[in-house]
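These figures come from a predicted structure and were not determined experimentally.
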Amino acid sequence: QVHLVESGGGLVQTGGSLRLSCAASGRTFSNYAMGWFRQAPGKEREFVAAISWSGDSTTYAHSVEGRFTIFRDIAKNTVYLQMRSLKPEDTAVYYCVRGSYFSSAADEYDLWGQGTQVTVSS
């Protein structure tokens, strides 16, 4: 059985930082692309960031580029999202995803975590 478990969410003030972690269990994911999506109440699901299986390539949504960094530790089967200069509009449930292809499209990912809540107060 394969699981993706997110952690690190919480409540922070505007301008603060959080680091989200996504730990994979059940099997290794060294040959899969990984990413993060988010969804706020009443809003559409939104792509945040993705990283290639090798970790050499990354891509970001325009709304977070320059503030967020995605990176992975293949040996630990863990993916991270470092979030800085957080804004109220970053408030959402953040989901870790796994897929066969490096993409910003949700349909390209075949495994999703349960999500972790990030709340940024104004």
Side-chain angles (χ1 to χ4, degrees):
Q1 189 174 14
V2 181
H3 295 97
L4 299 176
V5 181
E6 301 97 331
S7 62
L11 174 64
V12 298
Q13 294 181 337
T14 297
S17 299
L18 282 175
R19 184 172 66 197
L20 305 184
S21 299
C22 173
S25 63
R27 65 192 303 167
T28 60
F29 296 96
S30 61
N31 60 339
Y32 288 95
M34 303 292 293
W36 293 89
F37 285 77
R38 67 186 182 185
Q39 188 166 24
K43 299 290 185 66
E44 295 289 326
R45 182 175 53 195
E46 179 185 21
F47 169 76
V48 178
I51 187 167
S52 63
W53 68 268
S54 67
D56 292 334
S57 299
T58 59
T59 187
Y60 298 90
H62 292 303
S63 60
V64 306
E65 190 169 11
R67 299 187 297 118
F68 291 10
T69 303
I70 185 171
F71 59 101
R72 68 193 300 172
D73 187 333
I74 295 176
K76 294 182 178 180
N77 292 323
T78 302
V79 180
Y80 304 90
L81 184 68
Q82 180 67 55
M83 305 183 293
R84 302 184 185 277
S85 300
L86 283 162
K87 305 174 181 179
E89 52 263 43
D90 295 318
T91 296
V93 176
Y94 284 70
Y95 297 93
C96 177
V97 298
R98 183 202 75 179
S100 297
Y101 302 98
F102 179 65
S103 176
S104 62
D107 290 346
E108 296 291 340
Y109 296 94
D110 61 358
L111 184 64
W112 291 64
Q114 85 287 347
T116 185
Q117 177 70 49
V118 172
T119 302
V120 185
S121 64
S122 59

What one should report as the nearest heavy-atom pair of A92 and A40 is CB-N, 3.9 Å
Check: T78 side chain, K76 main-chain N or O, donor-acceptor pair, under 3.5 Å: yes
Output for pair (L20 CG, F68 CZ), nearest 0.5 Å, gives 8.0 Å
d(L86 CG, R67 CZ) to nearest 0.5 Å is 6.5 Å
Residues passing the side-chain hydrogen bond (donor to acceptor under 3.5 Å, both in side chains) test with R19, sequence neighbours excluded, are none
Cluster membership besides V5, Ile/Leu/Val/Met/Phe/Trp/Tyr side chains within less than 4.5 angstrom, sorted by chain and number, is none
Of all heavy-atom pairs linking R38 and S63, the shortest is NH2-OG, 3.5 Å
One should read off an interatomic distance between C96 SG and W36 CH2, to the nearest 0.5 angstrom, of 5.0 Å
Heavy atoms of S17 and S85 approach each other most closely as OG-N, 4.4 Å
Report task. Spell out, yes or no, whether F47 and Y32 are grouped together once hydrophobic residues are joined by side-chain heavy atoms under 4.5 Å, including indirect joins. Result -> no
message = Check this for me: F71, atom CZ, are more than 12 non-hydrogen atoms of other residues, nucleotides or ligands nearer than 6.0 Å?
response = yes
- Query: Between E89 and V120, is any pair of side-chain heavy atoms under 4.5 Å apart?
  - Reply: no
Here the gap from S52 atom OG to M34 atom CE, rounded to the nearest 0.5 Å, amounts to 12.0 Å
Group every Ile, Leu, Val, Met, Phe, Trp and Tyr by side-chain heavy-atom contacts under 4.5 Å, then state whether Y80 and V97 land in the same group. no
When rounded to the nearest 0.5 Å, the distance separating OG1 of T116 from CD of E6 is 7.0 Å
Tightest non-hydrogen contact, residues L18 and Q82, listed as O-NE2, 3.4 Å
(request) Please work out which of the three classes, parallel, tilted or perpendicular, describes the rings of F37 and Y109, given edges at 30° and 60°. (result) perpendicular
Rounded to the nearest 0.5 angstrom, the CD1-OG distance for I70 and S57 is 12.0 Å
Looking only at heavy atoms, the pair that brings R98 and V2 closest together is NH1-CG1, 4.2 Å
Residues passing the salt bridge (charged side-chain N to carboxylate O under 4.0 Å, His left out) test with R45, sequence neighbours excluded, are none
Single-linkage hydrophobic cluster, 4.5 Å side-chain cutoff, Y60 and Y94 together:
yes
*asked:* For residues M83 and V93: do they belong to one hydrophobic cluster (side chain heavy atoms under 4.5 Å, members Ile, Leu, Val, Met, Phe, Trp, Tyr)?
replied: no
If two hydrophobic side chains count as joined below 4.5 Å and joins carry through other members, does L81 share a cluster with L4?
yes
